[in-house]
Every structure is written in structure tokens, then in C-alpha cells.
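To start, the structure itself, in C-alpha cells.
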There are 2 protein chains.
Amino acid sequence: MTLHKKQPTIRDIAKLAGVSYQTVSLVINNKPGVSEKTRRQILRLMEEMDYRPNRAAQTLTTSRSKTLELIIVDVRYGGYLAHSTKNMAHAATEAGYSLLVSETDAEGLEAALESALSRMVDGIVLSGPRLRIEDEALKAMSRGIPLVRRDYVPSSSLAWVGFDQVHATRLAVEHLLSLGHRQIAAIPPTSELHNGYWRYSAMRSVLGEHGLSLGPVAEGDYSIGSGYAAAKQILATGQPFTALIVGTDGMALGAMRALREAGLRIPDDVSVVSYDNAELAQYTEPPLTTVEFKFSKQDELCIQYLVELIANPALELHQRVLTPNLIVRESTRALSSVAGGS
Amino acid sequence: MTLHKKQPTIRDIAKLAGVSYQTVSLVINNKPGVSEKTRRQILRLMEEMDYRPNRAAQTLTTSRSKTLELIIVDVRYGGYLAHSTKNMAHAATEAGYSLLVSETDAEGLEAALESALSRMVDGIVLSGPRLRIEDEALKAMSRGIPLVRRDYVPSSSLAWVGFDQVHATRLAVEHLLSLGHRQIAAIPPTSELHNGYWRYSAMRSVLGEHGLSLGPVAEGDYSIGSGYAAAKQILATGQPFTALIVGTDGMALGAMRALREAGLRIPDDVSVVSYDNAELAQYTEPPLTTVEFKFSKQDELCIQYLVELIANPALELHQRVLTPNLIVRESTRALSSVAGGS
DNA sequence: CCACCTTACTTGACCGTTCAATATCATAAC
DNA sequence: GTTATGATATTGAACGGTCAAGTAAGGTGG
């Protein structure tokens, strides 16, 4: 009935090998000071005895747990987090770490960080697309644990890795302008989200540069349904538009259905641009012109940066901005009745 | 420059409170034997000193880490895992555990389990939809750590939580039969996947019960693109079919595009049924009739079952089969030229 | 007033590692 | 034949908790 037949310890191995426990420790940590012969013997014994070091004990003495933690704050529609944890877990393993994942809301963040501290986590990736917090507050809460935000937060001068939302928006807007569109409607992610906020303001400023202003707008929340609802709302205003910028491919799917239900053809009557370049984007009807975000790159980079930061905590914090690019498909076309773009 | 200003320990608190360290330990663990007055004082001091117990030390003495681990094996298209880790992380936190996530392939499984052992993980959720392993081998590898598989694996008598793939298939097939369809094609997930295998065999047996046999078949791999390719392949056979069963909503999206490209209308020429009931399914053109899997329920149940198993390791292992149900939308319709179903 | 029980608290050992300091020994240098 | 040297191995303390057994003080019953 005894399931756990007590793991052998470093001392058991030492006894069998006829050496002291410290020698075994040296072998475990690949440190010099052990003859090749004993090293080999000890390794063989470890194998035989099915020994494996106790991480808790190691953590206790070294104060490093070889663990990273991904804290997800207030993510409602986690579609874009789809492969994220998988990617990060993989990257973490490659780097010799394990990945802890926790999910919480803004209020719970402090508790999550406390728990991380309690577990002596070596570093934290924070994904909080709608989290507003002062750098100082966050720094205080994380109490010196290296932390990288997986978000585009220009307001922060702490470490973060995000996609350039302003450039992304410029790509979308200028693409439409070059096709001759002048009346542009939009379904940005809710402005509670950092990217929603930045995209919205970037849309206005880029259009402003061209002496234009933004047409009807309704926010979405990342769900397909919200894209549908937002498009309905925009249509209800009765304001004219020849192009629509939608926050995600998923929302674009919803929006296009609403447009179609209103008798509008895409791209003949309305051009649609979205963001993400999910696999979905190739298979909508018509395939979507979209601004590509390479999320897997972002995930990898977060871990990579975090690992650097752990190795060298004195490193000056900086921000890594990933540049998206536009993928043109069939949901956009030049406005026919107007002189084409430059 | 010293970032970590050394955490206070149980003994620091004890000294300040003028009691022994053991008394503080009792307070931490909510155990009796401490007067209300001292308890309060100690709690106040802990708060003030910003003390929090060191998990590594606790783990070392108690041999329980209050950690669960999700091991993802050989998941290529993790779309359906999208919210899984988030859900599980949440459920784990509720139950007082942290969640570790690791990603590997079949060869790496042993190493992943070793690492879990090393970390004294209290329980494991294994998601390996294409993992074929003998119960005995798995039991040996997990060395007594409670383990629950998050897959439909009828071949295993260990603990697992999965959706009844046979029933799911019966729902899809009988729905089509009742609509008068007799020539049914299919794009099941690759038979390397457990659910692919079971769905395929269930389709054949259910049809067999009705004296029918399965039409053209091509496997998909969960990606939208594979649905597209598979449909093309089926069309290329030239074999007639009036209905198509597709493994996931995503693949159905791809498949429907291929059908449309071939000039076929849905559901007028071909009825389509898929599985999952992702949000996507409501927004395809036309909306999909689909077999609903409540993944979040599965995730929760895995954690819940695991926690039970940890509390009572002697518990007899069993399997929890979730029953899916059919959601009828507009991608299926009765075959017009044939006498309707019973 | 003594035995006995409770309640509140203390003590020492231990969990399985790492770290710093120290010992041993063969070999080379002088 | 000392002595320095480097490689190899050992020892004791520490990390921050928990656990089991023990003690001291106060109350109760006979």
C-alpha cells in the first residue's frame, strides 16, 4: 500500500559510493573538484537508485527556484493567449526553468505576486492588457523580482515586450487611404485595453495628418459576437463609410456577417482590415487583409528577456517593440468611383 | 543597490512577539493551542513586517508543494487548449494550489514527470490527445503522484476525464440520418488522435447499424487549412455525398470554403456537421450545426478530481465521461428529394 | 492539598540540499 | 628531505520551516 517508497537522498548515494555527500553535490551541479572516476561512479549510482535532486531543498538553500511565473490579469477573451502558455512553457523549459501560470483580476494581482514571492519565483511575465498601474506601485509589489510585461504599455518605463500599436494602425489606415478610402469606420478593442486605447488615438492622428477624421466607431471586446454587435451599431448610425478597421480577425468575422446581413458586399461596398493574422483570416469570406502580430515571437522574447534579467538584475530596463506588418488579402480594394491613391 | 532586503523569517516574527518560533508556525497553519491575544499580535506583526512563509521550506518538511502540473504532450494545434490553462490555473488557485505548465513530446514525457517529481508536485493533469501508453508504463513513470488524463482514452483504466466521442458521433450521424442523408463523407481528426480514432470507428458502426457505410474520408489535423485540404481531397475522389461530418468547427470553416469553391452550396447541396461549438461556429456562413464540448467543464473537473485524489490517494480510479449535446444551426437540412427520416 | 487535566507555549531534531572552510595526499620544486 | 602546490575529498553550519515531545502555569475535583 505504500506508494511513495521514499526517494533516495544525496547522502544515500554518497554512502553507496563511499564518498561524502558534498562530493555528490558537486557532481549534481557539474562542478570541478571530483575525479573523473568517482564522478562516473556517482552518476551511475544516481541512475541506478533512480535518484533525483529535491528542488525544494535546492530552492531553500540557493533562494532560486528555477521557476518563472506567467500572471494573467483580467483577460476575458483569451483567444490570443491561445498558444501563449504553451509557447512560454516550451521556451522556459529550454532555458532550464519551469513555468507557473496564474490567472487573476486587478485586485488579485497583489496576492498573486505575494504567492510568487512565497514560491521564490525567479521571474515574472505579466500579461494584463487592461491593467493600469503606476510603475512605482508595480515595482513595489513585485519586490525586486525581475518582471516583464507582455503588453504594449508606452506609459511604462519598466520592462515590456509589445507590438507597436501605433505603427500597426498606421499600416491599416494608410493602406486604406492609398486605396482611396476617405470615410473610415472602426471597431477597435475597448479603450479599456491598452492596445484599444492606442489604436484609437493612432487612427485619429494618422487620419488627422491627412486632414481627415474618423467615421463612426463602436468598440468590441475581442469576441466574435462583439464584432457583430459593433458593426450593427455602426450601421445603425446611418453614417456613410467605405472602409472598416476591426480590432481582431475574430471580430472582423462577426462584423462582416453584420455587413452582409445589411446587404453590403465585401470588398465591393466596404473594405475591411483587421489585426492579428490568425489562421482564421485566410479562411473568412473573403480572406482578410490584416496586420500581422507574431504572438509566438512575443512570447519567446518575453521569456528570453526575463532570463537575461535574472542573470543580470542590474541590467537597465527597456522596452522591446515588435513591428507588425500588413498582409493584404481580398477584403480590401480600391474605391472605384474615386481617383486612386498616390 | 540591494534589491532583496532579506525576507523576515518565522523566528524574526517570534522574537518580536516575544514567543517561540513554533507558536508562529501554529498561527500560520491556523492550528489551535494559541491564545486569541497572541494570535492576533502575531498576525499583526506578520502584516507589519510583510512576512510570508517560504514555500520551499514548507515543501521540504511536509513533502507537499501545493502545486499541480499540467503536462501537454504532443499537441500541435492547441486551439482547443486556448482557455484550458487559464481555466485550470483559476480552478487550481481556488483549491489552494498553483499550476505548473509544461509542454513536451512523447519522448520528453518521462523527463517531464521526473521534473514534476523533483518539484514534489502534488498532482498531474496530462493532456496528450495522441499519446499511446500502457497504463502500467504510465503508472510506473508517475511513481505514485496522482494523475488525471484530460483525454478520452477508453483503453485506459486509470483516471481520465473526457467527452464521450462515441456518443458525440452518434449525435452527428443520427442527426444526418434523420434528415434523410445516406451518403455521408467525413473529415475526422487524424486517427493518431484518440478522439479521431474513436470518432472514425463510431461513424462506421453507427452507419452499420443502419445498414449503411461511410462515404469518402480524409483526415484533418485540427488546423483550418487541413479542413480545406481534406475537403478538396474528398471532392477529388468524385464520390457522391450529401453530408459531411467535420472534426472541428475550425476545420469545418476550411472545408466549407473548399466546397463553395467547388460550386456547392451549404446546406442546399451538402449538409455540414462539426464538433466543438466554438464561438466561431455561430458566425460561419452558414452557422454550423455542431456537437458541443464544454471544455471549461472538462478542465474544472480534471482539477477537481485531481484534488480529490490528492486528498485520498486510496480512492479507486475511475473515468469521468462528459456527455456532449447537439446544437442544430443552419448548416444542415433535410435532403429534399428523398423521403424524410423516421 | 494533592493529583490530574487543560491550555499555552517551548525545545530539539529533522527535511535535503548548498556553501565556506578545512583536511588529506600525491607530486613537483627547491 | 622539507616545503609549496594543486587536486580531491570532508566537515559543520545554514536555509526556513514542521513535527513530536516536553514543560510551566492555572483550574478542577475529591
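Numbered from 1 within each chain, the chains take letters A, B, ... in sequence-line order.
In this structure, A:Phe163 has its ring center under 6.0 Å from that of A:Phe293.
Partner of A:Val125 under the side-chain contact (heavy atoms from CB on, under 4.5 Å) criterion, out of A:Val101, A:Leu68, A:Ile303, A:Ile71: A:Ile303 alone.
Within the cation-pi definition used here (under 6.0 Å to the ring centroid, within 45° of the axis), A:Arg320 qualifies as a partner of A:Tyr305.
Listed nucleotides: C:dC19, D:dG17, C:dT17. Nearest to the side chain of A:Pro53: C:dT17. Checking D:dC15, D:dA13, D:dG17 against every side-chain atom of B:Arg11, the shortest atom distance belongs to D:dG17. Out of C:dC19, D:dA13, D:dG16, the shortest distance to the side chain of A:Lys31 is found at C:dC19.
In this structure, A:Gln7 atom CD and C:dG16 atom P are separated by 10 Å, rounded to whole Å. Rounded to whole angstrom, the span from the CE atom of A:Met120 across to the C1' atom of D:dG16 amounts to 8 Å. Taking atom CZ on A:Arg119 and atom P on D:dG16, their separation rounds to 18 Å, with Å as the unit. Rounded to an integer number of Å, the gap from B:Met49 CE to D:dG16 P is 13 Å. Atoms CD (B:Gln58) and C1' (C:dC14) sit 16 Å apart, rounded to a whole Å. Put simply, CG on A:Asn30 is 15 Å from C1' on C:dT18, counting in whole angstrom units. Rounded to a whole Å, the NZ atom of B:Lys15 is 12 Å from the P atom of D:dG16. One can place CG of B:Leu60 at 9 Å from C1' of C:dC14, the figure rounded to the nearest angstrom.
Ionic pairing of B:Arg150 and B:Asp299 is present here: one or more N-O contacts between side-chain nitrogen and carboxylate oxygen are shorter than 4.0 angstrom. Salt bridge present: B:Glu114 and B:Arg143 bring a charged side-chain N and a carboxylate O closer than 4.0 Å.
Between A:Asn54 and C:dC15 there is no side-chain polar atom (N or O) within less than 4.0 angstrom of OP1 or OP2. Side-chain N/O atoms of B:Ser25 include one lying less than 4.0 angstrom from OP1 or OP2 on D:dT18.
Residues B:Ser115 and B:Ser118 have side chains that never bring a donor and an acceptor to within less than 3.5 angstrom of each other. With no hydrogens or angles considered, a side-chain donor-acceptor pair links A:Thr85 and B:Thr85 at under 3.5 Å.
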Sub-3.5 Å pairs of nitrogen or oxygen atoms, protein against nucleotides 8-11 of chain D:
from	atom 1	to	atom 2	distance (Å)
D:dA9	OP1	A:Thr38	OG1	3.3
D:dA9	OP2	A:Ser35	N	3.0
D:dA9	OP2	A:Thr38	OG1	3.3
D:dT10	OP2	A:Ser20	N	2.5
D:dT10	OP2	A:Ser20	OG	3.2
D:dT10	OP2	A:Thr23	OG1	3.1

